[in-house]
Each structure stands twice: as C-alpha cells, then as structure tokens.
Protein chains: 2
Amino acid sequence: MPNRRPTAQDVAKHAGASRSAVSMVMNGNADGNVSPDMQERIRRAAAELEYTPHPIASGLRRQRSRMIGIVTDEAASSPFAGRMLAGASQAAAGHGYLTVIADAGGPAADTTHFIDELRRRRVDGLILATQSLRTIVVPDGLRLQPSVLANCRDAAGTMGAIIPDEVRGGREATEHLISLGHRRIVWIGGGVDVDARPARIRGFQAALAAAGLPPGEVVEAGWDIDDGFRAAEALFAPENGPRPDAVFCASDRVATGALLAARTAGLDVPGDISIMGYDDQRHLADATVPGLTTMALPHEGMGRVAAERIIAALDSNAEIGAETTLLECPLVVRGSTGPAARA
Amino acid sequence: MPNRRPTAQDVAKHAGASRSAVSMVMNGNADGNVSPDMQERIRRAAAELEYTPHPIASGLRRQRSRMIGIVTDEAASSPFAGRMLAGASQAAAGHGYLTVIADAGGPAADTTHFIDELRRRRVDGLILATQSLRTIVVPDGLRLQPSVLANCRDAAGTMGAIIPDEVRGGREATEHLISLGHRRIVWIGGGVDVDARPARIRGFQAALAAAGLPPGEVVEAGWDIDDGFRAAEALFAPENGPRPDAVFCASDRVATGALLAARTAGLDVPGDISIMGYDDQRHLADATVPGLTTMALPHEGMGRVAAERIIAALDSNAEIGAETTLLECPLVVRGSTGPAARA
DNA sequence: TTGAAAGCGCTAACAT
DNA sequence: ATGTTAGCGCTTTCAA
C-alpha cells in the first residue's frame with residue numbers, strides 16, 4: 001500500500017548511469033561532471049519513473065532537514081495565529097522548506113520543552129512566535145541554531161525579531177484621516193497593559209503635529225466592543241460639546257462599538273463621522289456595515305519574513321543577525337472612513 | 001556550532017554495550033534480550049551523555065517519519081485556524097508525532113500539489129482541513145496513506161471525517177434557553193449558502209418540539225453584525241408585537257448585532273431578553289458586554305481527534321475507517337443568557 | 001568524465 | 001543474553 005517509490009538506484013539502472021550521476025543531476029551539480037547527453041537521459045528516466053529524491057535520506061546524509069520549526073505560545077486562542085502560520089508555511093514552501101509547528105498551548109506554558117523537541121527533530125531553524133506583541137526572555141535552546149522571533153522582542157536585544165511598526169501604523173492611519181479633511185480626531189481605547197497602545201498613540205500625535213494640528217484628545221477605555229460603545233456614546237452626546245470629525249480606535253473591537261454608538265446617536269458613518277480601527281480582525285472588521293477601515297496587523301507578513309530571514313541565512317550559511325525588522329501595518333480602506341462633511 | 005550530539009555508538013561505548021543493545025533499550029524492546037543491569041547501565045549512560053535518538057536516521061530505517069501533515073485550504077483568513085492546528089499539534093506531540101503544515105493559501109488553490117509535497121516528505125498520515133464546513137471531492141493522493149478530513153466531508157463517503165455536530169448544537173443551545181424558562185425563542189440570521197445553518201435550525205426546532213412548544217420563528221438575515229442588528233431591531237420594535245423571551249443567533253457576529261440592538265431598545269440583557277450566539281469566535285464572543293453565551297465550534301477538538309484517529313491507526317497498523325465522527329459543540333455560558341423574567 | 005566506496009545514525013535479522 | 005551484520009536512500013570523496 002505504501003506503493004514503493006523508485007530510488008536513485010532505479011533511475012540509474014533505467015538510464016544506464018551510476019547512482020552518483022543521478023544524484024548530481026538531481027542536485028544541479030552535474031555540469032562538468034556528467035556529460036550533457038547522460039544528464040538528459042537521467043532527467044528523462046527520472047521523469048518517466050516519477051522519481052523524486054527521498055528527503056529523509058538526503059537529510060540524514062546532509063545533516064539538514066529542510067524543516068523550519070515554529071513554536072507558539074498560545075496560538076489556539078488567537079484569531080490571528082492562522083495568518084502567521086500560513087505566511088511562514090507559504091514562504092518556506094517556496095524555498096523547499098517545510099514548516100513544523102508546536103503549540104505550547106498556553107501563555108504560561110514554557111516553550112523550552114517544545115524548542116528542545118524541535119531541535120531534537122533536527123529542524124534547521126526556529127521561529128518563536130507570540131500571540132501578542134511583547135518582550136520576552138529568550139530560551140537558551142533558541143540560540144543554538146538560526147532563529148528569529150515573531151511578534152515579540154528579545155529582552156537581551158541579541159536576537160533578530162520581526163514585529164509590526166505600530167508607531168508608523170498610528171501615524172499613517174492618522175494621515176489617512178487628515179487627508180480626508182478631518183481635523184478634530186479623538187483616540188479611543190486600549191488599556192495601558194499592552195505594548196502596542198503607546199506606540200500607536202505616539203504615531204497618532206506625531207501625524208497631528210506634522211500637519212500643524214494640536215495634540216489629539218485621548219480617551220481611556222478598554223480594548224473591547226463595549227468599551228468602544230461606551231466611550232463613543234459619551235463622546236457623541238451633544239452636551240459634551242462639539243463632536244469630533246473622526247475617531248481613531250485602539251482596536252477593531254473598540255471601533256465596532258463606536259460604529260454602533262454612532263448609529264445609535266443617529267450619525268451616519270462615514271457621512272457625519274469617520275471611524276478608524278486597528279488590527280484588521282477577520283470576521284469582525286469585515287463583518288460590520290460599513291466595513292471598518294483599519295490598519296492590518298501584518299501577521300502573515302511576520303510569518304513570511306521570519307521564514308525568509310531564516311532561510312536566507314541557512315542557504316547562504318550566514319549569521320542571522322540581531323536586527324529588529326519593523327513591518328508596515330497596511331492600511332485597509334473599507335467603508336467607515338470618508339471625506340469630512342463640512343466645507 | 002551545531003554542537004555534535006552523541007550517537008548510539010557513543011552511548012554503547014560509554015556503557016560497554018553494543019549499538020543494538022542501546023537501540024533496544026531506547027525502544028523498549030530490551031526485556032528478554034538485554035540483561036537488566038546492562039539495561040540500567042545503558043540508560044544511565046544515555047542520560048549522562050544527554051543522548052536522544054536521531055529521528056531522521058531512525059525514520060529512514062523504519063520508513064516512518066512520525067510526522068502528520070496538515071493541508072488547509074485558506075486557514076490564513078480564518079480566526080479559527082489556530083485552534084485546529086493547536087489541537088492537532090498538541091495531540092500529536094503527546095504521541096511523539098510532529099505536525100507539519102502546508103497552507104494552500106486560498107479557496108480555489110488546489111490542495112493536490114501540497115498533498116503530494118507532503119507525501120514526498122514521507123509524512124505518515126495526512127489531515128485535510130477546510131475553513132468552513134462543506135463537502136469536497138477528495139484528492140487522490142489522500143487515499144494513498146492514512147488520512148482523515150477535518151471540518152469537511154467526502155462527497156464519495158469513503159473517507160473518515162471529523163465534523164461538528166451542528167444539529168445537536170442547535171438542540172442543546174435551545175435546551176439551554178428552554179431550561180432557563182424561555183418559551184418564545186426566535187432564530188435570527190444565517191444565509192442559506194452555508195451547510196451549517198439548516199442543521200442548526202433542525203436542532204432548534206427539534207428541541208422546541210421535544211419540549212412541547214410550537215415551532216420557532218425563523219428570521220432571515222445574513223451572518224454579520226449588522227444583519228443581526230437590523231433583524232433584532234425590527235424584532236424588538238413594539239409595533240411588531242410582543243417581543244421574544246430569547247433569540248438564538250446564527251453566529252456570534254449576528255448575536256453581537258442583536259446585543260447592541262437590545263441595548264439601543266433599552267432592553268437589559270439578560271434581564272429582559274436572552275441572546276445566544278454560535279461559534280465562540282474569540283475576540284468577539286468574549287469581547288462583548290455581557291459576554292456571549294454561545295455554542296463553541298470544536299475546532300481544537302477536530303484537530304485533536306483527527307490527529308488521534310490517524311495516530312491510532314498508524315500505531316496499531318489498522319485501517320482508518322470511513323466513519324464520520326460528529327463532535328459535540330460545547331455550550332459556553334457567558335452573560336448574555338439568563339432566567340426568564342416573568343414568573 | 002565516470003563509477004566505486006564510504007558513510008550519515010539507526011534498527012532488525014541474524015549468528016554466537 | 002549478547003554482539004555482528006546488513007542495509008534504509010542518499011551524497012560526496014576518491015580512484016580509475
């Protein structure tokens with residue numbers, strides 16, 4: 001049933017060549033070692049038999065598995081996990097690498113065990129990915145072979161990392177709003193416990209300043225739908241003074257709440273007010289009406305770039321470097337933002 | 001730098017035994033072949049040298065990779081993908097298997113190529129997982145080694161599958177509502193294009209009938225937040241007659257809309273009305289206030305059971321069977337449902 | 001230019 | 001009860 005596959009030996013016999021000639025041809029090391037017509041015959045024989053080299057055997061010989069391991073802390077609970085894994089998997093596949101995953105299953109779960117297991121399995125490189133952006137103490141095992149961090153940074157600063165450029169994201173989101181003619185933009189939401197918030201607000205204020213506008217108002221609130229609803233409800237109440245032209249929300253959840261508060265207050269979005277989210281959370285940002293304009297967290301990109309960086313190092317036998325790569329958060333324009341109403 | 005690891009040879013020398021003795025001890029085949037004290041010495045030597053067998057070498061010899069491949073259609077865009085992969089990864093790890101993933105990257109992308117690639121890599125078994133519940137034509141490659149489907153079923157009915165028991169989910173959700181004293185329960189939402197909807201509604205009506213209640217009203221609407229908002233808004237309007245005791249929503253998104261419609265209408269949830277969701281979509285069902293009571297789609301379970309089923313077949317050398325396993329959708333009680341208000 | 005030989009590290013059948 | 005041997009399928013060095 002495990003239909004016996006042809007080996008290099010079979011191909012060699014079929015083509016009237018030696019096993020080593022087959023090996024060289026399959027690996028592109030044949031020029032200058034095997035005559036052109038022999039190469040051609042081998043290639044034809046391989047095609048005919050549907051021969052494809054046995055990766056385990058070649059891995060054993062080369063001491064390379066062509067596998068990249070990905071260790072995650074609690075991917076299970078994150079709606080974004082799939083995107084990261086898909087990004088890494090696709091990038092890796094493009095270079096003939098496979099991605100193997102190990103989900104540690106909880107925030108507290110120590111990833112060390114899984115890192116060791118993956119190393120035992122002889123992965124060529126390792127990605128340690130966290131669910132939320134933060135700074136971590138890197139387990140020793142990671143330093144023993146090419147590795148990078150995704151969505152987190154090394155407390156010691158000695159390990160390469162790929163993280164979203166939240167400051168730039170905050171700035172560009174604000175620029176989008178400004179370019180639509182909005183002047184009075186209010187920030188809503190985001191508890192103080194998460195690293196991303198201050199960065200986004202920094203970008204927000206920077207854009208405002210660069211446009212010669214006064215610092216933006218920042219309304220404290222949580223990260224969830226209801227937090228956004230409440231904060232926006234208060235903001236839109238006539239007795240609380242003139243309403244803003246636009247609100248920039250700490251997350252898509254907050255923005256969803258704001259969206260519904262606007263509707264409740266009889267405001268048209270984006271006719272009367274523009275609402276901007278952050279995260280591009282699937283099945284949320286694209287599920288509201290109008291859809292949320294938002295800054296996408298580059299999860300797919302983090303996976304892709306992490307894989308590419310490791311593979312580049314592997315394939316060129318170079319060190320991987322300790323730089324932190326900041327990835328742009330792409331602006332996703334849906335329906336919740338539009339031109340300012342007043343002249 | 002790839003710090004040379006000890007081999008079975010080293011352990012044998014260290015313990016004064018033969019390579020094969022070491023192999024037997026490490027694989028638990030030693031009893032009756034190696035003397036107890038020798039076994040002990042070998043074990044100690046292995047521990048001392050931190051020896052751990054080389055999986056690639058043993059894989060080559062045994063013609064087993066101890067890897068399970070997972071092919072997904074468009075996991076990237078699904079907020080649920082991570083849970084399935086985590087479930088599979090954890091279950092596999094528990095049996096000494098590794099999960100390798102290949103994301104085909106799109107709905108249309110043909111998974112055949114990825115199945116072949118994984119087979120080339122000699123995975124021992126394969127899981128084909130889809131993002132949304134549906135019936136598919138199984139690629140030939142899948143039939144060539146132990147495989148199961150997750151979240152989809154085989155059009156030909158000859159391949160094992162793990163899918164959520166949506167009928168039971170609909171029934172149990174309704175029973176929960178009935179047990180709280182609700183009598184007039186209305187279904188909201190869910191376009192006709194998705195397989196899950198009719199199943200859930202069937203369960204809904206079955207529970208009602210079993211309790212001796214009249215068939216429930218079904219309100220057409222889409223799957224998204226705004227669909228729920230609009231449908232619930234109409235439902236709660238006084239001019240449309242007495243309002244229901246509870247609404248059962250086709251998805252958490254619809255329920256989120258209903259929740260906000262209730263608030264807008266001045267209704268207390270769950271004091272005045274109970275709202276039930278479906279999916280347990282993270283960062284949504286747990287992000288509203290009150291949190292949504294919902295039926296969780298068993299993504300983690302599908303991953304886990306799929307992996308376990310394959311591994312069981314692999315480890316016992318048995319056929320995998322064509323049965324479809326229906327997985328319970330667990331009831332997740334949060335704050336949006338409560339006892340009926342009236343006596 | 002070609003082919004033979006030596007392993008990579010392990011396991012399983014075999015002989016002792 | 002122990003040790004020896006022959007590969008798994010491949011790559012690479014070395015000799016022809």
Side-chain angles (χ1 to χ4, degrees), chain A residues 2-43 45-46 49-67 96 119-124, chain B residues 2-43 45-46 49-67 96 119-122 124 317:
Chain A
N3 57 341
R4 165 152 161 54
R5 289 172 172 254
T7 75
Q9 183 75 274
D10 300 325
V11 177
K13 199 180 307 171
H14 203 81
S18 71
R19 288 210 297 323
S20 27
V22 173
S23 172
M24 285 170 161
V25 170
M26 297 308 290
N27 293 293
N29 298 43
D31 282 355
N33 291 315
V34 180
S35 67
D37 41 310
M38 188 34 111
Q39 290 192 35
E40 194 40 41
R41 273 166 59 204
I42 290 176
R43 246 183 283 276
L49 299 178
E50 296 188 325
Y51 167 74
T52 144
H54 192 311
I56 302 203
S58 100
L60 178 60
R61 177 64 229 238
R62 291 206 236 232
Q63 306 288 64
R64 286 293 204 88
S65 61
R66 288 193 93 80
M67 300 195 302
R119 278 176 38 77
R120 205 180 71 75
R121 290 292 205 133
R122 303 302 196 279
V123 295
D124 292 338
Chain B
N3 56 342
R4 166 153 161 51
R5 288 171 173 255
T7 77
Q9 182 74 274
D10 299 325
V11 177
K13 200 180 308 171
H14 203 80
S18 71
R19 286 208 303 325
S20 29
V22 174
S23 173
M24 286 171 160
V25 170
M26 297 309 289
N27 293 294
N29 299 42
D31 282 355
N33 291 315
V34 179
S35 66
D37 41 310
M38 186 80 250
Q39 290 193 34
E40 194 39 43
R41 272 166 63 202
I42 288 175
R43 246 183 284 276
L49 299 178
E50 296 188 325
Y51 167 73
T52 145
H54 193 311
I56 301 204
S58 104
L60 176 59
R61 179 62 230 238
R62 290 207 235 230
Q63 306 287 64
R64 287 293 202 86
S65 62
R66 288 192 94 79
M67 300 194 302
R119 279 176 38 76
R120 205 180 71 73
R121 290 291 205 134
R122 302 303 195 279
D124 293 337
N317 236 309

> Quick one: which of C:dT11, D:dC10, C:dG9 gets closest to the side chain of B:His54?
Replying inline: C:dG9
> Looking at B:Asn29, does any N or O in its side chain come under 4.0 Å of the phosphate oxygens OP1/OP2 on C:dT11?
Replying inline: no
> When you measure from the side chain of A:Arg41 to the backbone N and O of A:Ala15, does any donor-acceptor pair fall under 3.5 Å?
Replying inline: yes
> How close or far is atom P of D:dC10 from atom CZ of A:Arg61, stated in whole angstroms?
Replying inline: 13 Å
>> I'd like to check B:Tyr51 versus B:His14 (side-chain heavy atoms, cut-off strictly below 4.5 Å). Are they in contact?
In response: no
>> Ignoring hydrogens, what is the shortest heavy-atom contact between B:Arg66 and B:Gly96? Give both atom names and the distance.
In response: NE-O, 3.3 Å
> What nucleotide, of C:dC10, D:dT12, C:dT1, holds the atom closest to the side chain of B:Tyr51?
Replying inline: C:dC10
> How many Å lie between CE on B:Met26 and P on C:dA12, as a whole number?
Replying inline: 14 Å
> What is the distance, rounded to the nearest whole Å, between atom CD of B:Gln9 and atom P of C:dT11?
Replying inline: 13 Å
> Heavy-atom contacts under 4.0 Å between residues 13-24 of chain A and DNA chain D, which residues?
Replying inline: A:Arg19, A:Ser20, A:Ser23
>> From CG of A:Asn27 over to P of D:dC10, roughly how many Å is that when rounded to an integer?
In response: 10 Å
>> Let's see if you can work this out: which of D:dT11, C:dC10, D:dA1 has an atom nearest to the side-chain heavy atoms of A:Arg62?
In response: D:dT11
> B:Arg5 CZ to C:dC10 P: how many Å, rounded?
Replying inline: 11 Å
>> Please check this pair: side chain of A:Arg120 against backbone of B:Pro53, looking for a donor-acceptor N/O pair closer than 3.5 Å.
In response: yes
> What's the shortest heavy-atom distance between B:Asp124 and B:Ser65, and which atoms?
Replying inline: OD1-N, 3.0 Å
> Just how far, in rounded Å, is P of D:dC10 from CZ of A:Arg64?
Replying inline: 19 Å
>> Just the rounded figure in Å: distance from P of C:dT1 to CD1 of A:Ile42.
In response: 14 Å
> Would a distance-only check, ignoring hydrogens and angles, find a side-chain to backbone donor-acceptor pair under 3.5 Å from A:Gln39 to A:Val34?
Replying inline: yes
> C:dC10, D:dT11, D:dT2: which one has an atom nearest the side-chain heavy atoms of A:Ser58?
Replying inline: D:dT11
>> Would the distance check show the side chain of B:Asn29 and the main-chain N or O of B:Met24 forming a donor-acceptor pair, the cut-off being under 3.5 Å?
In response: no
> When the distance from CG of A:Leu60 to C1' of D:dC8 is rounded to whole Å, what number comes out?
Replying inline: 9 Å
> At under 4.0 Å, does any side-chain N or O of B:Gln63 touch on OP1 or OP2 of D:dG9?
Replying inline: yes
> More 5' along DNA chain D: B:Met38 or A:Pro53, using each one's nearest nucleotide?
Replying inline: B:Met38
